[in-house]
Structures are given as C-alpha cells and as structure tokens.
There are 2 protein chains.
Amino acid sequence: MDVTVAHDGPEDCAAVKPVLARIGDKWVVLIVRLLGRKGPRRFNELRREIGTISQRMLTLSLRGLERDGLVTRTVHPTIPPRVEYELTPLGRSLMVPINALGNWAFAHREEMDAARARFDRLHGAAEAPAPPAAAAGPADAVFKG
Amino acid sequence: MDVTVAHDGPEDCAAVKPVLARIGDKWVVLIVRLLGRKGPRRFNELRREIGTISQRMLTLSLRGLERDGLVTRTVHPTIPPRVEYELTPLGRSLMVPINALGNWAFAHREEMDAARARFDRLHGAAEAPAPPAAAAGPADAVFKG
DNA sequence: CAGGATCCCGTCTGATACTG
DNA sequence: CAGTATCAGACGGGATCCTG
C-alpha cells in the first residue's frame with residue numbers, strides 16, 4: 001500500500017507537533033467527537049456526558065481547543081450564566097483525520113488485541129493488566145452518549 | 001463538509017483508546033515515520049536520528065510498538081549484538097491515518113497559529129510562550145533526517 | 001451554572017550507572 | 001551494541017474549596 005503522501009517529510013514537523021499534542025489528550029478527542037455529533041453544548045452538559053472528567057480537565061481541555069481555534073466559547077450574560085461550546089469549521093474539519101484514526105483502530109482492533117495478548121503471554125504478562133476504571137469507564141460513557 | 005464516517009459512534013470506543021494512547025506518545029509517531037521512510041533500523045541508529053530521545057524512552061516506545069504488533073524486533077546473535085526494528089504491515093498501515101493527521105496539520109497550520117496568536121493576545125500571553133528546546137529540537141532533527 | 005485557585009499524589013521522563 | 005536498574009525531578013490530573 002502507498003503510505004507516501006504529499007509531504008511525508010521534514011516540512012511539516014513543526015505543524016504536526018501541536019496537533020499530536022492535542023489529540024494525544026484523550027479528553028480532547030472525546031470532546032471533539034461529542035461536539036461534532038450533536039452540536040453546541042454547555043459546560044456541565046459536556047461534564048455529565050463524559051461522566052468522569054474533572055471540571056479542571058474539562059476547563060483546561062476546552063481552553064486549549066479554544067486557543068487552537070477548534071471550538072468557540074459563547075457566553076450568554078444571563079442568570080444563571082450560560083456558556084456554550086461549539087466546534088468551529090476548523091474543528092469540524094479535524095474530525096476527518098480523527099475519524100480516520102478511529103476507523104483504522106476499529107478495522108485493526110482484533111489484530112492489535114491478538115498482538116498484545118501474544119506479547120503478554122510470551123513476556124511477563126504483569127504489565128498493563130487492567131487499565132484503571134478512570135480510563136475505560138468515562139470513554140465508554142462518552143461514546144455511548 | 002461531511003465528517004460522518006462509517007461508524008462514527010459508540011461501537012469503536014474501546015478500539016480507539018489504545019490507538020490514541022500510542023500516537024499520543026510523541027516518540028512513537030517519530031519512530032513510526034522514521035521506520036516507514038527508509039526501512040529497518042538498529043537501536044542506536046534510531047537513537048541518533050531522533051537526536052534527543054533517552055535510551056529509556058526509546059526502549060519503552062519500541063516495546064510498546066512491538067507489543068501492539070506495529071514493529072518487529074529482530075535479534076541477530078552476533079558479536080556485537082545487532083537488533084533491528086522494522087514496521088510490520090500493520091505498522092505501515094497505521095502510517096496512513098498518521099499521515100492524514102500530518103496533512104491536516106500542515107494544511108491548517110496557519111489557521112491554528114493565527115488562532116493561538118489571537119487567543120494569546122486577548123488573554124494572558126504568558127502561557128506557552130516558547131516551547132523548550134527539548135520539545136522542538138528533537139522533533140525537527142527527526143523529520144529532517 | 002461556570003470556572004478560578006490550591007493541594008497533592010502518581011506517572012512519566014531524563015540522567016546515570018551497570019550488564020550480557 | 002543493546003539493553004536493564006535505579007534515582008530524582010517535572011508534570012498531569014483529580015479532589016476540594018471558593019467566587020461571580
């Protein structure tokens with residue numbers, strides 16, 4: 001298969017870094033997907049839908065996304081305050097590669113599972129036994145939402 | 001634009017997690033790209049090409065990739081020992097979405113830069129002024145290699 | 001309701017030293 | 001050369017308290 005794309009090389013190094021940093025943040029991916037699915041959300045709506053994210057992390061994640069121009073933060077000066085987050089066009093376009101990654105993961109999950117199982121069987125199976133609920137639980141909640 | 005892909009939803013939650021964890025690791029992406037470009041590499045070859053990665057992180061990253069079935073580790077029982085790492089077909093296929101992400105980053109780097117600059121100008125510009133050389137330098141080295 | 005400020009602990013990561 | 005083992009510091013991220 002052809003893995004060589006237009007600019008496989010050096011030129012986009014600096015550009016790739018921040019993006020990787022963003023999507024490397026698990027919360028960010030969940031948030032982007034949530035916002036991409038059903039439109040704008042309020043702070044505590046997101047919080048509830050994700051399930052286990054701390055308000056701190058949600059705030060930080062949203063700030064980062066806002067900073068990068070991926071989401072907009074709209075404050076409605078009402079009482080009580082109402083703040084809505086929404087994907088920008090740029091944010092929506094990011095969903096394409098994110099989903100591509102998701103598709104890849106889905107398509108090859110059995111291969112990876114098998115590979116990991118085999119590796120763990122051969123070597124010490126002591127490592128990475130069961131990811132803490134904090135990692136698995138919340139993600140499930142989000143994607144099921 | 002259409003961001004809705006085949007299985008946008010709940011079904012691939014568990015599958016996506018490990019992949020995100022992998023590519024979230026900055027070293028992993030660099031390694032995969034390096035291996036994808038010019039074929040098999042020896043341990044210290046990779047080390048030199050990446051430039052600033054600690055041997056510890058390189059070992060851990062390679063172990064993780066091996067565990068996930070993305071690279072093979074071949075030991076040649078010679079003196080001195082010779083160990084070669086190479087992408088598996090699965091690993092090569094991962095380059096497709098990784099490159100897609102890279103393409104996206106490259107295509108939108110100016111937008112993101114502008115967004116960040118504007119955000120930082122409006123709010124406190126104190127955060128994320130200049131990433132330490134440790135973050136920018138090594139990556140550059142790799143992609144230029 | 002939205003989120004800023006703190007405290008605190010576990011993990012990640014780099015530096016160093018040692019082994020086959 | 002290709003690692004493993006150990007130590008120490010940086011950082012991420014959760015829990016909690018408090019404000020507009």
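Letters A, B, ... mirror the listed sequences (proteins, then strands); counts begin at 1.
- The stretch residues 72-84 of chain A touches DNA chain D through A/P81, each having a heavy atom within less than 4.0 Å of the strand.
- When rounded to the nearest whole Å, the span between CG of A/L58 and C1' of C/dC1 equals 13 Å.
- The distance from atom CZ of A/R22 to atom P of D/dG12 is 12 Å, rounded to the nearest whole Å.
- Minimum atom distance to the side chain of A/F43 is reached by C/dG3, of the listed C/dC1, C/dG3, D/dG3.
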Could you list the protein-to-nucleotides 14-19 of chain C atom pairs, N/O on both sides, closer than 3.5 Å?
{"from": "C/dG14", "atom 1": "OP2", "to": "B/S54", "atom 2": "OG", "distance (Å)": "3.2"}
{"from": "C/dT16", "atom 1": "O4", "to": "B/Q55", "atom 2": "NE2", "distance (Å)": "3.2"}
{"from": "C/dA17", "atom 1": "N6", "to": "B/Q55", "atom 2": "NE2", "distance (Å)": "3.3"}

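- At D/dC1, none of the side-chain N or O atoms of B/Y85 fall inside 4.0 Å of OP1 or OP2 (strictly under the cut-off).
- In this structure, the side chains of A/D25 and A/S61 come closer than 4.5 Å at one or more pairs of heavy atoms.
- Relative to the six-membered ring of A/F119, A/R116 misses at least one condition, a distance below 6.0 Å or an angle of at most 45° to the axis.
- Counting heavy atoms from C-beta outward, B/M112 and A/L90 have side chains that approach closer than 4.5 Å.
- With respect to A/E84 and A/R82, a salt bridge is recorded, a charged nitrogen being found less than 4.0 Å from a carboxylate O.
- In this structure, B/L60 atom CG and D/dA2 atom C1' are separated by 14 Å, rounded to whole Å.
- Under 4.0 Å is where a charged nitrogen must lie from a carboxylate oxygen, and between B/E49 and B/K38 at least one such pair does.
- Both B/L62 and A/D25 sit near DNA chain D, but only B/L62 has its closest nucleotide nearer the 5' end.
- A/R63 comes within 4.0 angstrom of the backbone, heavy atoms only, and of no base.
- Just one of A/H76, A/R73, A/R42 meets the side-chain contact (heavy atoms from CB on, under 4.5 Å) condition when paired with A/V83; it is A/R73.
- Side-chain contact between B/R22 and B/L94: absent, with no pair of heavy atoms (C-beta onward) separated by less than 4.5 Å.
- Regarding A/R47, its CZ atom lies at a distance of 10 Å from the P atom of C/dC1, rounded to whole Å.
- No donor-acceptor contact under 3.5 angstrom links the side chains of B/Y85 and B/R41, judged on distance only.
- The nucleotide whose nearest atom lies closest to any side-chain atom of A/R42 is, among D/dC1, C/dA2, D/dT4, C/dA2.
- Looking at A/M95 and A/L87, their side chains come closer than 4.5 Å, going by heavy atoms from C-beta outward.
- Protein atom CG of B/N44 is 13 Å distant from nucleotide atom P of D/dT4, rounded to whole Å.
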